[in-house]
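Below: the structure, in structure tokens.
Here is the naming used below: chain letters follow the sequence lines, and residue numbers restart at 1 for every chain.
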There are 2 protein chains.
Amino acid sequence: MAIQTNEENYLSSVKNALRILRCFSMDEPEKKISDISASLGLNKSTVSRTMSTLASEGFVFKDPESKKYRLGLSILSLGGIVNSQMDIYRESQPVLNKIVQELGETAHISVLDNNEVIYLQKVECNHPVRFLTHVGRRNPLYCTSSGKVLLAHANEEVFNTVLQKGLEQHTKTTIIKPEKLKSHLRQIKEQGYSWSNEEYLEGVNSIASPIHDYKGRVIAALAIVGPKQRIQQSKIKGYSKRVISAANEISSRMGYWK
Amino acid sequence: MAIQTNEENYLSSVKNALRILRCFSMDEPEKKISDISASLGLNKSTVSRTMSTLASEGFVFKDPESKKYRLGLSILSLGGIVNSQMDIYRESQPVLNKIVQELGETAHISVLDNNEVIYLQKVECNHPVRFLTHVGRRNPLYCTSSGKVLLAHANEEVFNTVLQKGLEQHTKTTIIKPEKLKSHLRQIKEQGYSWSNEEYLEGVNSIASPIHDYKGRVIAALAIVGPKQRIQQSKIKGYSKRVISAANEISSRMGYWK
DNA sequence: CACAGTAATTGCTCTATATGCAACAAGGTG
DNA sequence: CACCTTGTTGCATATAGAGCAATTACTGTG
């Protein structure tokens with residue numbers, strides 16, 4: 001039984017379980033039964049029973065210290081499968097390693113999913129400033145370098161959806177005028193790379209370039225991220241060349257003939 | 001209703017969903033409804049409806065090409081959260097990068113879970129021979145270098161469980177005699193590293209060393225893996241020193257004072 | 001181009017089962 | 001030691017999930 005019933009013909013208890021899993025986040029990685037119950041509007045006992053089922057399959061576990069639940073290692077296992085299934089993943093690792101070594105900045109690969117960028121893979125540099133992104137993280141399309149590259153090459157529909165959801169002014173430099181964004185994207189498409197000038201997070205710059213598959217479609221983006229002190233305006237030109245060539249290398253490994 | 005009913009008071013439809021997710025593997029990353037139905041002994045319609053629920057939350061998706069289901073990006077997102085929650089993950093990345101660069105071999109971090117080794121993190125080398133392990137993969141404890149290190153430092157109970165489940169002869173060199181394994185583990189504990197001499201996979205050698213937390217407990221292992229041609233007996237000594245020092249570095253980052 | 005043949009989806013029925021409530025147990029805290 | 005918060009469990013009920021079978025959607029082949 002349920003009050004939050006059939007929006008579709010989905011299995012409600014399964015849907016509950018999945019919503020429970022998804023309510024864990026980077027900011028709230030551990031939760032109590034009652035937290036979840038409150039935040040999802042589910043009965044405590046429902047959550048309790050769902051959690052024990054999830055725990056029985058290793059999808060969550062109770063941290064013995066904090067006595068709260070955390071996501072379990074079964075998810076990690078599945079995540080590994082997801083990754084290894086993506087061709088880009090396989091092909092990009094050595095290229096990422098190389099560029100990180102050369103430029104000394106963190107690099108990652110991302111794709112477009114559900115009108116957001118999602119980071120598939122990341123190779124960190126050894127600098128202390130890190131952890132701005134993580135594998136699986138989702139960011140907006142219109143104010144990150146990866147996002148803008150992907151958006152620039154996506155179809156009109158995606159662009160419209162993004163506008164519809166609204167452009168939020170994350171920082172002073174975030175582009176929130178649709179016309180301006182449109183022409184900016186056109187430029188990105190022409191020049192073959194994009195850079196984010198603290199458009200999403202203060203003090204964080206990034207440069208991205210598209211990765212093509214064998215059919216020439218843009219399927220992913222390679223980006224480097226770092227503090228604005230290191231990725232300065234004056235260095236954009238040089239860095240972008242390197243980012244483009246790395247992205248091209250992956251593209252050609254993916255069977256793309258320019 | 002269900003024939004595969006209440007072994008406990010778990011939610012059966014949720015359990016089904018999780019079993020469905022877990023039936024995807026590295027070897028079988030995409031599946032049809034009927035495959036799953038057959039392999040799990042669930043009714044086709046049950047699987048169908050469960051799958052659409054899973055799809056609605058992004059846990060699976062239908063590959064437009066093959067028309068089969070694959071694990072979805074929601075799982076990747078959750079996987080990222082799992083990782084970032086583990087202190088080891090954070091601390092080990094730069095150390096792994098360094099050792100991979102130096103030795104030119106793939107390195108990874110693993111922990112003990114449910115009487116198996118599970119690989120948390122991996123930095124690949126640029127050699128063509130790769131993909132023997134992947135993040136989230138589970139391997140036996142008694143015949144991998146990481147596994148043996150973890151087993152050597154685990155409590156008696158784990159050891160007994162492993163024996164109970166049986167030691168399988170994966171290769172010619174797999175140690176399957178309990179007494180021999182026991183003394184071998186004791187030696188590993190003394191010398192501070194272990195090496196697997198093709199004990200799990202033909203042609204694959206590895207060297208591992210334990211990582212300690214701030215309380216001195218062994219919580220993980222660092223290992224390098226590679227083909228036997230490169231990780232030869234004669235090099236074990238030198239390599240193991242490097243593996244030990246890298247593992248120690250992570251340990252000290254974790255707050256361990258030797 | 002139609003016709004097997006396989007696979008997935010959906011309507012329907014019925015009973016098992018997931019849910020909410022409330023009582024209970026288990027810690028934690030003042 | 002009593003009080004509060006939090007998680008688990010028994011129970012009754014309504015409901016949602018399972019199975020079956022028919023339908024629809026695809027694939028490939030003669």
Side-chain angles (χ1 to χ4, degrees), chain A residues 1-25 28-72, chain B residues 1-25 28-72:
Chain A
M1 187 280 191
I3 305 172
Q4 76 293 341
T5 28
N6 51 326
E7 317 185 341
E8 301 271 335
N9 49 350
Y10 296 133
L11 307 193
S12 59
S13 56
V14 174
K15 191 113 188 171
N16 288 343
L18 302 181
R19 286 180 62 212
I20 289 176
L21 287 177
R22 282 169 52 114
C23 85
F24 287 87
S25 70
E28 302 186 72
E30 56 173 33
K31 299 206 156 195
K32 293 182 298 186
I33 299 280
S34 44
D35 292 346
I36 301 171
S37 161
S39 69
L40 296 184
L42 295 171
N43 192 291
K44 258 196 323 176
S45 52
T46 301
V47 176
S48 172
R49 284 187 263 244
T50 308
M51 288 303 266
S52 21
T53 309
L54 287 168
S56 75
E57 292 286 331
F59 282 72
V60 299
F61 70 97
K62 201 181 241 160
D63 187 311
E65 315 256 332
S66 67
K67 271 142 188 200
K68 293 183 175 183
Y69 282 95
R70 290 167 170 276
L71 294 173
Chain B
M1 185 280 188
I3 303 170
Q4 76 292 345
T5 29
N6 52 326
E7 318 185 343
E8 302 273 332
N9 49 349
Y10 296 134
L11 306 194
S12 58
S13 55
V14 174
K15 191 114 188 170
N16 289 342
L18 302 180
R19 287 180 61 213
I20 288 176
L21 286 176
R22 282 169 51 113
C23 85
F24 288 87
S25 71
E28 302 187 70
E30 56 174 32
K31 299 206 157 193
K32 293 184 297 184
I33 299 280
S34 45
D35 292 345
I36 301 171
S37 161
S39 71
L40 296 183
L42 296 170
N43 193 291
K44 258 201 315 180
S45 53
T46 301
V47 176
S48 172
R49 285 187 260 246
T50 307
M51 288 303 266
S52 23
T53 309
L54 288 168
S56 76
E57 293 285 331
F59 282 72
V60 298
F61 69 98
K62 201 182 242 161
D63 188 310
E65 316 256 335
S66 68
K67 267 130 190 211
K68 294 183 174 183
Y69 282 95
R70 289 167 170 276
L71 295 173

| request: Before accepting this row, confirm whether a basic side-chain N of the pair Arg19(B)/Glu57(A) lies closer than 4.0 Å to the acidic partner's carboxylate O. | output: no
| query | Closer than 4.0 Å, any side-chain N/O of Asn16(B) to the OP1 or OP2 of dA18(D)? | reply | yes
| said: What I'd like to find out is whether the side chain of Ile33(A) reaches to under 4.5 Å of the side chain of Tyr69(A), using heavy atoms alone. | reply: yes
| remark: Between its two end axes (five pairs each) the helix from dC1(C)-dG30(D) to dG30(C)-dC1(D) turns, nearest 10 degrees, through 40°
| field | Which nucleotide in dG20(C), dT9(C), dT6(D) has an atom nearest any side-chain atom of Lys32(A) | value | dT6(D)
| task | Among dA18(D), dT9(C), dG7(D), find the nucleotide with the atom closest to the side chain of Leu11(A). | result | dA18(D)
| query | Any side-chain heavy atom of Met51(B) within less than 4.5 Å of one from Ile36(B)? | reply | yes
| request: Starting from P on dT6(C), measure out to CD1 on Ile33(B) and report it in whole angstrom. | output: 18 Å
| Nearest listed nucleotide, side chain of Ser12(B), among dG7(D), dA18(C), dT10(C) | dA18(C)
| message | I want to confirm an ordering. Mapping Ser45(A) and Ser13(A) to their closest nucleotides on DNA chain D, which one lands closer to the 5' end? | response | Ser45(A)
| query | Hey, is the main chain of Asn43(A) close enough, under 3.5 Å, to the side chain of Ser37(A) for a donor-acceptor pair? | reply | no
| request: Looking at every strand, decide which applies to Lys44(B) at a 4.0 Å heavy-atom threshold: base, sugar-phosphate, or nothing. | output: base
| request: Enter the distance from Leu21(B):CG to Leu71(B):CG here, rounded to the nearest 0.5 Å. | output: 6.5 Å
| query | Are Tyr10(B) and Ser52(A) close enough that some pair of their side-chain heavy atoms sits under 4.5 Å apart? | reply | yes
| said: Counting the atoms with a prime plus P, OP1 and OP2 as sugar-phosphate, which does Lys68(B) contact under 4.0 Å by heavy atoms, base, sugar-phosphate, or nothing? | reply: nothing
| When you match Lys62(A) and Asn43(B) each to their closest nucleotide on DNA chain D, which lands nearer the 5' end? | Lys62(A)
| task | Mark yes or no for a side-chain to base donor-acceptor pair under 3.5 Å between Arg49(A) and dG7(D), with no hydrogen or angle criteria applied. | result | no
| message | Any heavy-atom pair between the side chains of Ser39(B) and Lys31(B) that's under 4.5 Å? | response | yes
| task | Would you mind telling me which of dT8(D), dG19(D), dT6(D) lies closest to the side-chain atoms of Ser48(A)? | result | dT8(D)
